[in-house]
2 protein chains.
Amino acid sequence: MSVSLADIRDVAGDAVFTDGCPTRTVLDHVMSKWGVLVLLALSDGTRRWGVLRREVDGISEKMLASTLRTLEADGLVHRQSYPEVPPRVEYALTELGRELMERMLPLMEWIAANSAAMLTRTP
Amino acid sequence: MSVSLADIRDVAGDAVFTDGCPTRTVLDHVMSKWGVLVLLALSDGTRRWGVLRREVDGISEKMLASTLRTLEADGLVHRQSYPEVPPRVEYALTELGRELMERMLPLMEWIAANSAAMLTRTP
């Protein structure tokens, strides 16, 4: 493998991904069931709230709000509110969010390409 | 970005990552809080149960057992049991698991390198 766990420890120290380490906190935000799917939808471009709600299939309003707040606090997502009637709110990836998705999309492509075979294989 | 959501839909269809699609099921297994950390530990080599339990900081015995069963059923992890006294059980990535981690490790390296700045930034 081109990157190893040892490389990651070189970058971030031996405590990397241990309980309470900032790396674990961000990992939990990003690699969560809904975090991944919201970031994926935004990787395709700016989205209004209602569009995100439809595209992230199965997410509740409460979970979408909470996921967006977390990703915004991490600096991965930017929220833009327009003073219109009715109010319009749009979400987009920040530069940091785009950097993250450059690394996440190849992984998601691999999962998409291999899932069917994985679930139907005979052990 | 080199891979886009449109590319992923080309590979896996428009239903990719929707509720009930096999792609969503595998995504939920792999991109789960504990799935990621167990796969990361195994990317470093074969591990006995007790070593995994220590390395995946904070995981309960029950959650480790359940995570390993899921990853084994997906064909990502191989379980080898040796008829010794006391019995020895070792876990390792399969070829498929190694393919997955080739794509996941660059993402985890980026998260490790950027987490501290993300959590201390001023919005």
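Below, read A as the first sequence line, B as the second, and so on, with proteins coming before strands; counting in each chain starts at 1.
Taking chain B as the reference chain and counting heavy-atom pairs below 4.5 Å, the highest number among A:V56, A:D19, A:L100 is found for A:L100. Of the listed residues (B:V36, B:D44, B:D74), the greatest number of heavy-atom pairs within a distance under 4.5 Å of chain A belongs to B:D74. For the options B:M31, B:R9, B:H29, heavy-atom pairs under 4.5 Å to chain A are most numerous at B:M31. Of the residues considered (B:L119, B:V11, B:V30), B:L119 shows the highest number of contacts with chain A, using heavy-atom pairs under 4.5 Å. Between chain A and the options B:A41, B:A112, B:A117, the largest number of non-hydrogen pairs under 4.5 Å is found for B:A112. Of all the listed residues (B:L27, B:D10, B:V16), the one sharing the greatest number of non-hydrogen pairs under 4.5 Å with chain A is B:L27. The candidate from A:A116, A:G13, A:G75 with the greatest count of non-hydrogen atom pairs under 4.5 Å with chain B is A:G75. Ranked by heavy-atom pairs under 4.5 Å with chain A, the first of B:G58, B:P106, B:A6, B:G35 is B:P106.
Residue B:T18 touches chain A through both its backbone and its side chain, counting heavy-atom pairs closer than 4.5 Å. Of the atoms belonging to B:L96, heavy atoms from both backbone and side chain fall under 4.5 Å from chain A. Looking at B:E55, there are no atoms closer than 4.5 Å to chain A (heavy atoms on both sides), in backbone or side chain. With a 4.5 Å cut-off on non-hydrogen atoms, B:D28 touches chain A through its side chain but not through its backbone. Contacts of B:L37 with chain A are made by side-chain atoms alone, with heavy-atom separations under 4.5 Å and no backbone atom involved. Residue B:N114 touches chain A through its side chain alone, counting heavy-atom pairs closer than 4.5 Å.
With rounding to the nearest 0.5 angstrom, the CG atom of A:D7 is 6.0 Å from the CD atom of B:E109. Taking CE of A:M101 as the reference point, atom OG of B:S2 lies at 11.5 Å (rounded to 0.5 Å). The line from OG1 of A:T25 to CE of B:M118 is 10.5 Å long, rounded to the nearest 0.5 Å. One distance of note links OG of B:S32 with NZ of A:K33; it measures 10.5 Å at 0.5 Å rounding.
Using a distance-only test at 3.5 Å, with no hydrogens or angles considered, a donor-acceptor pair links the side chain of A:R24 to the main chain of B:D57.
No side-chain heavy atom of A:M104 sits under 4.5 Å from any side-chain heavy atom of B:W110. B:I8 places none of its side-chain heavy atoms less than 4.5 Å from the side chain of A:I111.
The two residues B:S115 and A:V26 come nearest to each other via the heavy atoms OG-CB, 3.4 Å. Considering all non-hydrogen atoms of both residues, A:S43 and B:L5 come closest at OG-CB, 4.3 Å.
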